[in-house]
> 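Before I ask anything, let me first share the structure, which is written out below as structure tokens.
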Amino acid sequence: MAYTYLEFEKPISDLENKIEKLRGSGDIGKDIESEISKLSSQIEKLTKEVYSNLSIWQKVQVARHPHRPHFSDYIENIFSDFDELHGDRVFGEDKAIIGGLARFKKRPVVLVGQEKGKSTEDKISRNFGMAQPEGYRKTARLMKMAEDFELPLISFIDTPGAYPGIESEERGMSEAIAKNLSLLSNLKTPVIVIITGEGGSGGALAIGIGDHVCMLEHSIYAVASPEACASIVWRDGSKAKDAAEAMKVDASNLQNLGLVDEVIEEPLGGAHRDSRGVSNSISQVIEKKLHNFDEVDISDLLKKRYEKIMSYGSI
Amino acid sequence: MAKGWFNKILPSFVRRDSSNEKKSPVPQGLWQSCPNCKEIIYGPDLEFNLFVCPNCDHHIRIGARHRLSYLFDEDSYEEISSKLEAKDWLSFKDSKKYKDRLSEAQSNIDEKEAMISAFGKINGKEVVVSAFEFRFMGGSMGSVVGQKFIDAANKAIEMKCPFICFSTSGGARMQESLFSLFQMARTSAVLNTLKENKLPYISVLTDPIFGGVAASLAMLGDINIAEPKAQVGFAGPRVIEDTVRVKLPEGFQRSEFLLNHGMIDMIVHRSELKDKLSGLISKLHK
């Protein structure tokens with residue numbers, strides 16, 4: 001698959017094209033090799049420079065990058081022996097959300113998360129990661145399973161939002177999300193939440209309450225997508241950039257505001273440049289946190305979770 | 001429009017200012033036209049009828065204070081956390097500053113925020129009631145609305161009495177972004193505590209409710225009641241129409257639609273609401 005560059009990455013791609021050209025020229029020799037190595041170190045420097053100074057809007061673009069790793073990548077990279085579990089037992093199976101049992105370093109865990117899909121066909125079948133009520137009801141079923149069998153729940157968030165459709169309303173989207181919030185806020189098992197790409201609105205929060213809520217460095221999280229906020233507040237959908245900045249959707253701002261517990265650093269140039277690397281970082285956080293939670297009595301854990309929830313915007 | 005010529009023949013002191021009328025869905029002045037059937041109704045008659053149109057039975061939107069005064073015995077109640085005012089967590093600014101929008105809303109309707117919580121009696125039974133105020137930034141839920149809801153629920157726990165919430169809201173408040181979103185978590189969590197104390201929570205759905213309020217506290221009632229034809233949904237009709245590109249069916253997201261799809265327990269006429277609420281409460285709570 002051809003690599004897609006974001007506009008602000010153009011200076012980097014220009015240098016990379018230069019290297020390609022040198023390599024493709026057929027010339028060999030010390031001069032060429034040293035030129036390539038010079039360019040390579042320039043690329044590294046430039047990538048560092050660009051990625052350590054991303055604007056909020058640029059982060060939105062990185063969070064939505066077509067090559068950003070998805071939940072299915074994380075399942076493969078971080079966990080083993082995954083058994084996908086399907087269906088909400090009420091109406092249907094929603095492929096916008098994947099759930100199931102897996103092992104994290106031998107230890108069984110329950111996983112849930114949105115999957116946006118990769119190929120065009122896959123994206124359509126997964127509705128671009130926008131779940132319907134049955135998707136949330138499936139996660140509710142799996143959350144209960146985690147509680148019943150005393151397995152930690154790990155939730156991966158990457159969604160533009162819950163799907164706004166006629167059938168979603170007929171089957172009670174509001175109720176499905178509300179029930180999940182109620183369930184998660186006192187689910188009797190440790191819950192780790194990782195926002196990996198887009199944390200869009202109630203559709204994200206419905207699997208987003210936990211004992212440790214973290215965000216990847218270039219992920220975003222907000223009450224509405226920047227486009228939706230722009231059309232509601234500015235009455236102009238094209239003001240998405242302004243909306244993203246006003247809502248402070250980026251991980252570092254949200255950590256400073258006390259709304260997320262941890263920001264997980266991404267490899268140089270973003271998660272899309274090194275899927276393994278970012279998976280390792282996530283894996284380390286999970287390992288550390290599961291270890292911490294093992295030491296805590298479940299009633300203390302729930303008490304702490306409740307206090308944390310109550311602290312958000314407490315007046 | 002009928003109202004136009006009618007206003008012209010009225011003496012100036014009863015003529016309503018149309019710019020003012022836009023801001024306020026609560027009827028003002030001597031004559032009022034029903035937003036549904038356009039019938040012109042004498043103000044005191046309308047008020048006597050609890051702002052339900054005597055001609056077409058349309059339930060006109062009313063403010064939080066009206067709700068409370070209809071509900072509580074002898075119009076008497078003790079307000080909870082009445083002094084809370086919003087914080088501008090994000091220094092949010094669109095075409096206007098959030099701070100300015102807040103003070104504008106406050107001076108327009110003389111309320112501090114989009115919710116009033118109160119403790120009092122209905123038909124002799126103690127209850128805590130929260131009511132959203134739609135005229136305050138579309139009844140949107142930011143941190144103060146969340147806080148007032150939580151304070152109300154905690155008051156109910158303290159007084160060992162039931163909790164009722166009248167919702168009407170455009171959803172979570174954009175200007176507080178994630179702080180607003182997380183109020184969905186807070187309000188849902190506090191309702192669990194209410195349940196652990198075996199105290200009933202009744203959610204009354206009034207026109208309109210969308211987004212983060214629908215997808216949290218409004219749908220979590222032990223009993224969900226709606227006023228006739230209230231529009232309640234997760235996504236707004238315009239958003240759905242833009243997404244699916246079909247015309248929405250008649251009555252979509254209205255109370256009757258919600259009842260048919262199993263989302264609410266009953267639809268209750270405004271005039272019967274107080275007795276219905278006190279009756280339900282007396283069965284759930286000793």
Side-chain angles (χ1 to χ4, degrees), chain A residues 130 133 161-186 199 201-206 208-209 221-224 228-235 239 242-243 246-249 253-254 257 259-260 305-306 309-315, chain B residues 81 84-87 89-90 92-95 142-144 146-147 150 170 172-193 209 211-212 214-220 232-236 239-240 242-244 246 248-249 252-253 257-258 261-263:
Chain A
M130 292 183 282
Y163 185 66
I166 293 176
E167 294 185 352
S168 293
E169 299 291 327
E170 287 174 339
R171 297 198 289 273
M173 180 62 94
S174 302
E175 192 271 354
I177 293 174
K179 272 283 156 60
N180 271 21
L181 302 179
S182 170
L183 187 61
L184 272 178
S185 59
N186 69 352
S201 190
L205 186 68
I209 301 175
Y221 198 3
V223 66
C229 174
S231 81
I232 293 168
V233 180
W234 276 262
R235 305 205 173 272
K239 297 273 188 218
D242 300 315
M247 290 193 292
K248 300 196 168 47
V249 301
N253 264 314
L254 295 173
L257 290 162
L259 298 172
V260 295
R305 191 188 305 161
Y306 191 78
I309 294 169
M310 286 302 150
S311 75
Y312 298 134
S314 171
I315 301 238
Chain B
S81 307
L84 296 186
E85 286 188 60
K87 244 188 191 172
W89 308 92
L90 305 172
F92 194 99
K93 187 172 167 272
D94 49 274
S95 54
S143 48
V144 169
Q147 189 69 52
I150 289 159
R173 188 175 295 169
M174 295 293 137
Q175 289 86 348
E176 293 182 38
S177 191
L178 212 59
F179 285 95
S180 301
L181 188 74
F182 283 6
Q183 300 314 306
M184 295 169 66
R186 287 179 92 201
T187 54
S188 303
V190 83
L191 289 173
N192 285 336
T193 316
I209 311 170
S216 62
L217 60 96
M219 273 298 158
L220 289 173
V232 181
F234 178 67
V239 176
I240 297 175
D242 286 352
T243 311
V244 298
V246 236
L248 299 172
F252 181 66
Q253 294 180 321
F257 168 98
L258 296 176
H261 287 93
M263 298 304 150

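Per chain, numbering begins at 1; letters A, B, ... match sequence-line order. Note that the structure is predicted; figures quoted are calculated from it, not measured.
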> Out of A/Ser185, A/Pro164, A/Gly199, return the one with the most heavy atom pairs under 4.5 angstrom to chain B.
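Looking at each option in turn, the highest pair count goes to A/Pro164.
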
> Select, from A/Met173, A/Glu175, A/Met310, the one with the greatest count of heavy-atom pairs under 4.5 Å involving chain B.
A/Met310

> Please look at B/Val190 and chain A and tell me whether the side chain, the backbone, both or neither of the residue comes under 4.5 angstrom of a heavy atom of that chain.
both

> OG of B/Ser177 to CG of A/Leu254: how many Å apart, nearest 0.5 Å?
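It comes to 7.0 Å.
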
> Which value, rounded to the nearest 0.5 Å, describes the distance between A/Leu181 atom CG and B/Arg186 atom CZ?
14.0 Å

> For the atom pair CG (B/Leu220) and OG (A/Ser182), what is the distance rounded to the nearest 0.5 Å?
5.5 Å

> Might you point out which heavy atoms bring A/Gly202 and B/Met184 nearest each other, and give the distance in Å?
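Here A/Gly202 and B/Met184 meet closest at CA-CE, 4.2 Å.
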
> Relative to chain B, which segment of A/Arg171 carries a heavy atom at a distance below 4.5 Å: side chain, backbone, both, or neither?
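Answer is backbone: N, CA, C or O of A/Arg171 sit under 4.5 Å from chain B.
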
> Using a 4.5 Å cut-off on heavy atoms from C-beta on, say whether the side chain of B/Phe92 contacts that of A/Val233.
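Yes - at least one pair of side-chain heavy atoms lies under 4.5 Å apart.
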
> Measure distances from B/Ser95 to the heavy atoms of chain A and classify the residue's part below 4.5 Å as side chain, backbone, both or neither.
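For B/Ser95, the contact with chain A is made by the backbone alone.
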
> Does any backbone or side-chain atom of B/Leu90 lie under 4.5 Å from a heavy atom of chain A? Answer side chain, backbone, both or neither.
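Both parts, backbone and side chain.
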
> Look at the rings of A/Tyr221 and B/Phe182 and say which category their plane angle falls in: under 30° parallel, 30 to 60° tilted, over 60° perpendicular.
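If you compare the ring of A/Tyr221 with that of B/Phe182, the planes turn out perpendicular.
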
> Pick whichever of B/Ala235, B/Gly142, B/Gly170 has the most heavy-atom pairs under 4.5 Å with chain A.
B/Ala235

> If you draw a 6.0 Å radius around CD in A/Glu167, do more than 12 non-hydrogen atoms from other residues or ligands fall strictly inside?
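Atom CD in A/Glu167 is not packed in, count stays at 12 or less.
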
> Over all heavy atoms of both residues, which pair between A/Val223 and B/Ala172 is shortest? Give the atoms and the distance, please.
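Closest approach of A/Val223 to B/Ala172, heavy atoms only: CG2-CB, 3.5 Å.
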
> Between B/Val244 and A/Gly165, which heavy-atom pair has the shortest distance, and what is it?
CG1-CA, 4.0 Å

> Under a 4.5 Å heavy-atom cutoff, which of B/Pro249, B/Ala86, B/Gly146, B/Ala185 has the most pairs with chain A?
B/Ala185

> What pair of heavy atoms forms the shortest contact from B/Gln147 to A/Ser314, and how long is it?
OE1-CA, 3.5 Å

> Kindly compute the distance separating CG (B/Leu258) from CD (A/Glu170), expressed to the nearest 0.5 Å.
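Rounded to the nearest 0.5 Å, the CG-CD separation comes to 11.0 Å.
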
> Under 4.5 Å heavy-atom distance to chain A, tell me which part of B/Glu176 shows up: side chain, backbone, both or neither.
neither

> Name the member of A/Val260, A/Ile209, A/Leu205 that forms the most heavy-atom pairs with chain B at distances under 4.5 Å.
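Option with the top pair count is A/Leu205.
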
> Do other residues, nucleotides or ligands put more than 12 heavy atoms under 6.0 Å from A/Lys248 NZ?
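Check passes, neighbour count above 12.
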
> Under 4.5 Å between any side-chain heavy atoms of A/Ile309 and B/Ser188, yes or no?
no

> With a 4.5 angstrom heavy-atom cut-off, is it the side chain or the backbone of B/Asp94 that approaches chain A, or both, or neither?
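B/Asp94 touches chain A through backbone and side-chain heavy atoms alike.
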
> What heavy-atom pair brings A/Glu169 and B/Gly233 nearest, and what distance separates the two atoms?
OE1-CA, 3.2 Å

> If I measure from the heavy atoms of chain A, does B/Thr193 come under 4.5 Å with its side chain, its backbone, both, or neither?
side chain

> Return the OG1 to CE distance between B/Thr243 and A/Met130, rounded to the nearest 0.5 Å.
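Going from OG1 on B/Thr243 over to CE on A/Met130, the span is 7.5 Å.
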
> Measure distances from B/Met263 to the heavy atoms of chain A and classify the residue's part below 4.5 Å as side chain, backbone, both or neither.
side chain

> Is it the backbone or the side chain of A/Leu259 that comes under 4.5 Å from a heavy atom of chain B, or both, or neither?
both

> Shortest non-hydrogen contact from B/Trp89 to A/Gly313?
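It is CZ2-CA, 3.5 Å.
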
> Got a second to check how far B/Leu84's CG is from A/Ile315's CD1, nearest 0.5 Å?
6.5 Å

> Evaluate the side-chain proximity of A/Leu257 to B/Leu178: yes if any heavy-atom separation is below 4.5 Å, no if none is.
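Sidechains of A/Leu257 and B/Leu178: no contact.
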
